[in-house]
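One structure is given below, encoded as structure tokens.
Counting convention: from 1, in listed order, for ligands and their atoms alike.
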Amino acid sequence: MSASDIPALAEAVIAGDRRALARAITLVESGRADHRAEAEVLLDAAGKPGRQALRIGLSGTPGVGKSTFIEAFGLMLTGQGLRVAVLAVDPSSARSGGSILGDKTRMERLSRDPGAYIRPSPSRTELGGVARRTREAVALCEAAGFDVVLIETVGVGQSETLVAGMADLFVLLIAPGGGDELQGVKRGIMEMADLILVNKADGDLQPAATRTCADYTGALRLLRRRPQDPDGFPKAMMVSSVSGDGLEAAWREMQALAAWRRAEGHWQARRIEQAQTWFAEEVRHGLMARLMDDPALSAARAALSEAVAKGQIAPSRAAADLLRKLTLGKG
Ligand code: GDP
């Protein structure tokens with residue numbers, strides 16, 4: 001793609017052209033330096049109309065029912081005339097190059113729905129890189145006029161923090177358990193959740209789901225009240241992604257929470273904070289890239305790192321020396 005095509009691509013994205021959106025996301029996912037420069041122009045142009053979707057982060061361990069939930073929930077939303085985009089942050093693809101969230105056929109009906117757009121997780125890159133690209137894909141989906149952007153991740157490691165950091169609401173999907181399942185969910189993840197959905201509340205699993213929901217309701221009450229929450233939040237609810245029970249109620253809760261945060265200014269404050277964090281991370285990333293890409297700086301970094309390893313220089317002093325070279329080199 002030539003650089004002169006970028007404004008046209010941005011316009012096509014804004015006009016809601018899905019093929020343009022897919023091309024735009026492919027462009028921001030590319031690791032090539034010339035593509036990166038184009039991606040920056042594209043993101044800037046696409047963001048101009050200032051469209052905002054409801055960004056919902058969704059996490060849960062494998063098997064909890066994320067794809068089943070997203071399919072049912074997504075179809076419910078498109079049934080209401082809403083346009084839904086689904087993106088994934090897949091930490092496994094960062095490690096192995098293979099993706100457990102990347103398979104489109106997991107949500108077959110939703111992927112065929114003209115009101116929905118599903119984008120598999122980018123692979124072969126480190127988690128930080130995945131986060132960066134997902135953030136940009138979210139921005140492009142918003143520019144394309146989607147009403148809801150679902151950002152899915154598997155409940156391991158830092159990926160929840162990353163997803164919560166680019167979402168307006170964070171939803172944790174839980175499976176009914178035998179009673180000691182609270183230990184399995186780290187406190188930090190509970191603290192990030194706005195809504196805990198106990199999935200599979202149907203058939204034989206109904207009684208266990210009821211118990212699990214009560215356990216989480218109790219646990220959430222013990223958490224410190226956050227200023228960005230109205231009364232009753234965060235809350236636990238039961239859903240069945242198979243029967244569809246509870247999905248409408250869950251959507252009502254998400255909308256109520258989003259409306260309250262908008263009215264109180266928390267929504268806007270969170271968006272501003274996220275934009276500033278994004279900016280800071282880009283700066284950090286750019287500085288690191290410069291250190292790595294410039295041969296002289298890269299050699300200096302290797303030498304200083306060696307000196308740190310041998311105990312010849314304190315890490316802080318070595319870092320300061322290197323940063324001084326960065327300023328002198330390229331100011
Ligand atoms: P993921 O790994 O989190 O994406 O989980 P999947 O959506 O692939 O679901 C894992 C298994 O749980 C599948 O066999 C689903 O059919 C089943 N499942 C998902 N949601 C429900 C539900 O609401 N009720 C029941 N009974 N089973 C469910």
**Item:** Best match, Ser67, Ala175, Gly244: closest heavy atom to atom 8 (O) of ligand 1
**Value:** Ser67
**Request:** Using the test side-chain hydrogen bond (donor to acceptor under 3.5 Å, both in side chains), find all partners of Asp17 that sit at least two apart in sequence or belong to another chain.
**Result:** none
**Request:** Check each atom of ligand 1 against the heavy atoms of Ser241 and keep those under 4.0 Å away; list them by number with element.
**Result:** 20 (N), 22 (C), 23 (O)
**Request:** Look at Glu29 together with Arg119 and state whether they make a salt bridge at an N to O cut-off of under 4.0 Å.
**Result:** yes
**Ligand-residue contact atoms, ligand 1 with Ser240, heavy atoms, under 4.0 Å** = 23 (O)
**Request:** Kindly identify the option in Gly63, Gly65, Gly60 whose heavy atom sits closest to atom 6 (P) of ligand 1.
**Result:** Gly65
**Message:** Measuring from non-hydrogen atoms of Ile70 to any atom of ligand 1, is the shortest distance under 4.0 Å?
**Reply:** no
**Request:** Please identify which atoms of ligand 1 are closer than 4.0 Å to at least one heavy atom of Pro62.
**Result:** 2 (O)
**Prompt:** Which of the numbered atoms in ligand 1 are below 4.0 angstrom from a heavy atom of Val242?
**Reply:** 21 (C), 22 (C), 23 (O), 24 (N), 25 (C), 27 (N), 28 (C)
**Item:** Heteroatom proximity flag, Ala201 to ligand 1, N/O under 3.5 Å
**Value:** no
**Prompt:** Between Lys325 and Asp321, is there a salt bridge with N-O shorter than 4.0 Å?
**Reply:** no
**Prompt:** So which bit of Val64 gets within less than 4.0 Å of ligand 1, heavy atoms only: side chain, backbone, both or neither?
**Reply:** both
**Prompt:** Looking at ligand 1, does any of its N/O atoms fall within less than 3.5 Å of an N/O of Glu152?
**Reply:** no
**Request:** State the atoms of ligand 1, each with its element, that fall below the 4.0 Å cut-off from a heavy-atom position in Thr61.
**Result:** 3 (O)
**Asked** Angle class for the Phe146/Tyr117 ring planes (parallel below 30°, perpendicular above 60°, tilted otherwise)?
**Response** tilted
**Complete:** Nearest heavy-atom contact between Ala193 and Leu172 is CB-CB, 4.2 Å
**Message:** If you compare all heavy atoms of Asp194 against all heavy atoms of Arg226, which two are closest, and at what distance to 0.1 Å?
**Reply:** OD1-NH2, 2.8 Å
**Complete:** Restricting to heavy atoms, the pick from Val239, Thr68, Leu247, Asp202 nearest atom 26 (N) of ligand 1 would be Asp202
**Asked** Please walk me through it: do Trp260 and Asp229 pass side chain to side chain contact (heavy atoms under 4.5 Å, CB included)?
**Response** CA-CA 8 Å; Trp260 186 87; Asp229 289 335; 5.5 Å; no
**Request:** Output every pair passing salt bridge (Lys or Arg N to Asp or Glu O under 4.0 Å) with a member in residues 240-253, not counting sequence neighbours, ordered by first then second residue.
**Result:** Lys235-Glu253
